[in-house]
Amino acid sequence: MEKFDLSSTYEKLNQLQETKVATATALPFGLLNRRTNKTTKLLANSGETQPMDGANRWFEYEFSEPVFLCEVEITMENYASYDTFVIRWVSPQGGENIQEISRSSDTVCRATINQMVRSISFKPPKKWFTNTRINSVSLMRPQRNFEDSSVSVEVV
C-alpha cells in the first residue's frame, strides 16, 4: 500500500481556514435616490421603517451610482407559502434581469443578486381579501474588513 504525505495538504487547509471572507452588510442609505419616498423608507437602515400595504405594484429603489448588490431581503406578513415575488434589477449597461422568488421562511423572501446594479425593484403577488404587509427591505452589499493592530478599513 502506498503512503501519501498529507502535510502540504494540511498546511493549505489551515491557510484557507485563516483566510478572511467577505461578509454582507446593509447598503448605505445615502446611495439611494428619492430618500423621502415611503418605499425607500421601508429599508431597514433608513431610520424610519414604516410597514406598507403589500399592494401588487413595483417597489423601486434607484441608486446614485452603480453598486454591487449581494442580496435583497423582504420581510412581510400574510402571504402564503406558494406566493412568489418578482424581483427586477437593471445593470450599469442597461440590461434588465427578472427573477421570481418564494418565501425562505414564514415572513422573509430572499433573492441573491451578486451583480452590479443601477436600480432594483420588487413586486408582491396580487392577493384578494387579505391584509398583506411589507414590513421592511434590506439591500445587502459585500464588506471586508482588514485589521492591522488598531486600524480597521472597510472596502467600498
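Computed from a prediction, not measured in an experiment: that's the story for all the values here.
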Checklist entry - Could you give the distance from CD1 (I74) to OG1 (T107), rounded to the nearest 0.5 Å? => result 12.0 Å

Checklist entry - Residues in side-chain contact (heavy atoms from CB on, under 4.5 Å) with T132, at least two apart? => result N78, Y79, K127, T130

Checklist outcome for this item: Going by chain and number, the hydrophobic cluster around M116 (ILVMFWY, side chain to side chain under 4.5 Å) further includes F68

Checklist entry - What distance separates N135 CG from Q50 CD, expressed to the nearest 0.5 Å? => result 12.0 Å

Item to check | Test side chain to side chain donor-acceptor pair (under 3.5 Å) applied to R118 - qualifying residues, sequence neighbours left out | outcome: none

Checklist entry - For E77, which residues count as a salt bridge (Lys or Arg N to Asp or Glu O under 4.0 Å) partner, sequence neighbours excluded? => result none

Next on the checklist: If the condition is ring-ring contact (aromatic ring centres under 6.0 Å, His included), which residues does F122 pass it with, not counting sequence neighbours?
Outcome noted: F59

Next on the checklist: I need the E100 CD to C109 SG distance, nearest 0.5 Å.
Outcome noted: 11.0 Å

Next on the checklist: Would the distance check show the side chain of S64 and the main-chain N or O of L31 forming a donor-acceptor pair, the cut-off being under 3.5 Å?
Outcome noted: yes

Next on the checklist: M140 vs E73, test: side chain to side chain contact (heavy atoms under 4.5 Å, CB included). Steps then yes/no.
Outcome noted: CA-CA 8 Å; M140 306 302 284; E73 180 180 282; 5.7 Å; no

Checklist outcome for this item: CZ of F63 to CG of N33, rounded to nearest 0.5 Å, is 9.0 Å

Checklist entry - salt bridge (charged side-chain N to carboxylate O under 4.0 Å, His left out): which pairs involve residues 57-70, sequence neighbours left out? => result R34-E62

Checklist outcome for this item: Minimal heavy-atom distance between N56 and P124, with the atoms involved, is ND2-O, 2.6 Å

Checklist entry - Residues two or more places apart in sequence or in another chain: which of them pass side chain to side chain donor-acceptor pair (under 3.5 Å) with D53? => result R133

Checklist entry - Can you tell me how far OG of S121 sits from OH of Y61, rounded to the nearest 0.5 angstrom? => result 10.0 Å

Checklist outcome for this item: Smallest heavy-atom separation, M76 atom then I134 atom, equals CB-CD1, 4.1 Å

Next on the checklist: I'd like to check I113 versus I87 (side-chain heavy atoms, cut-off strictly below 4.5 Å). Are they in contact?
Outcome noted: yes

Next on the checklist: Taking side-chain contact (heavy atoms from CB on, under 4.5 Å) as the definition, give me every residue that meets it alongside S91, ordered by chain and number, with sequence neighbours left out.
Outcome noted: Q93

Next on the checklist: According to salt bridge (Lys or Arg N to Asp or Glu O under 4.0 Å), who are the partners of R88, at least two apart in sequence or on a separate chain?
Outcome noted: none

Checklist outcome for this item: Under a side-chain separation threshold of 4.5 Å, the hydrophobic residues clustered together with W128 are F129

